[in-house]
Amino acid sequence: MNSYDAEAIHAQIRHNVKLLREKRGKSQLEMALAIGHSSAAFYAKAELGIQHKKFNVEHLCKIANVLEVDICDFFKNMEE
């Protein structure tokens, strides 16, 4: 049986979301608007993992669509 560390998974997701966003040349504001927020504040905090902000499944689906990636890419071990 696998043992999962939720915080490590969130950290991997944050890293990959940021990496893929930057590769696609998208701003945090563009991504925030795409997931339904009117400012980049929530998105930036979720991407940095501060103030207990995290991307939920709905956010990840929308982000994957905007970045044109497979949602599974957020869970992979990607190098910068």
Side-chain angles (χ1 to χ4, degrees):
M1 178 187 288
N2 288 332
S3 177
Y4 295 106
D5 177 1
E7 192 49 47
I9 293 169
H10 281 291
Q12 187 70 57
I13 291 168
R14 289 192 306 267
H15 171 79
N16 291 341
V17 165
K18 180 179 181 180
L19 182 66
L20 292 165
R21 175 183 62 76
E22 289 176 342
K23 282 185 178 181
R24 299 294 190 279
K26 301 287 186 182
S27 70
Q28 289 182 334
L29 179 58
E30 288 176 282
M31 299 307 298
L33 295 172
I35 65 171
H37 290 267
S38 59
S39 76
F42 168 83
Y43 187 92
K45 290 173 186 175
E47 200 175 77
L48 293 169
I50 58 176
Q51 295 183 357
H52 305 289
K53 304 296 184 208
K54 294 180 173 74
F55 296 118
N56 64 33
V57 173
E58 184 178 350
H59 294 146
L60 294 177
C61 289
K62 290 177 180 178
I63 292 168
N65 288 333
V66 170
L67 298 178
E68 298 177 335
V69 298
D70 189 307
I71 196 169
C72 295
D73 290 344
F74 298 140
F75 298 88
K76 295 178 182 176
N77 186 7
M78 298 178 140
E79 297 298 322
E80 289 189 50

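FYI, the numbering just counts along the sequence from 1. Just so you know, these numbers come straight off a predicted model, no measurement behind them.
- Considering only residues two or more places apart in sequence or on other chains, L33 meets the side chain to side chain contact (heavy atoms under 4.5 Å, CB included) condition with L29.
- Ring geometry for H37 versus F42: interplanar angle under 30°, hence parallel rather than tilted (30 to 60°).
- Between atom CG of residue L20 and atom CG of residue D70 there is a gap of 10.5 Å, rounded to the nearest 0.5 Å.
- Side chains of V66 and R24 form no contact here, defined as non-hydrogen atoms less than 4.5 Å apart.
- The side-chain heavy atoms of H15 and Q12, taken from C-beta on, include a pair separated by under 4.5 Å.
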* Asked: So L67 and K23, side chain to side chain contact (heavy atoms under 4.5 Å, CB included) or not? Walk me through it.
  -> CA-CA 9 Å; L67 298 178; K23 282 185 178 181; over 6 Å; no
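- Side-chain contact check for R14 versus L48: every heavy-atom pair is 4.5 Å or farther apart.
- Atom NZ of K62 sits in a crowded spot, with more than 12 heavy atoms from other residues, nucleotides or ligands closer than 6.0 Å.
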* Asked: Which is it for F75 and N16 under the side chain to side chain contact (heavy atoms under 4.5 Å, CB included) test, yes or no, and what are the steps along the way?
  -> CA-CA 7 Å; F75 298 88; N16 291 341; 5.9 Å; no
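- Closest heavy-atom contact between A40 and A32: CA-CB, 3.8 Å.
- Note: S39 OG to Q28 CD = 10.5 Å, rounded to the nearest 0.5 Å.
- Between V17 and Y43, some side-chain heavy-atom pair lies under the 4.5 Å cut-off.
- At least one side-chain heavy atom of K54 sits under 4.5 Å from a side-chain heavy atom of E7.
- For the pair I9/F74, no side-chain contact is recorded, criterion being any heavy-atom separation below 4.5 Å from C-beta on.
- Between R21 and E47, at least one side-chain N (NZ, or NE/NH1/NH2) sits under 4.0 Å from a carboxylate O, which counts as a salt bridge.
- Counting only distance, with no hydrogens or angles, the side chain of E22 and the backbone of L19 share no donor-acceptor pair below 3.5 Å.
- Both Y4 and I13 belong to a common hydrophobic cluster when Ile, Leu, Val, Met, Phe, Trp and Tyr are linked at side-chain heavy-atom distances under 4.5 angstrom.
- Atom CD1 of I35 and atom SG of C61 lie 12.0 Å apart (nearest 0.5 Å).
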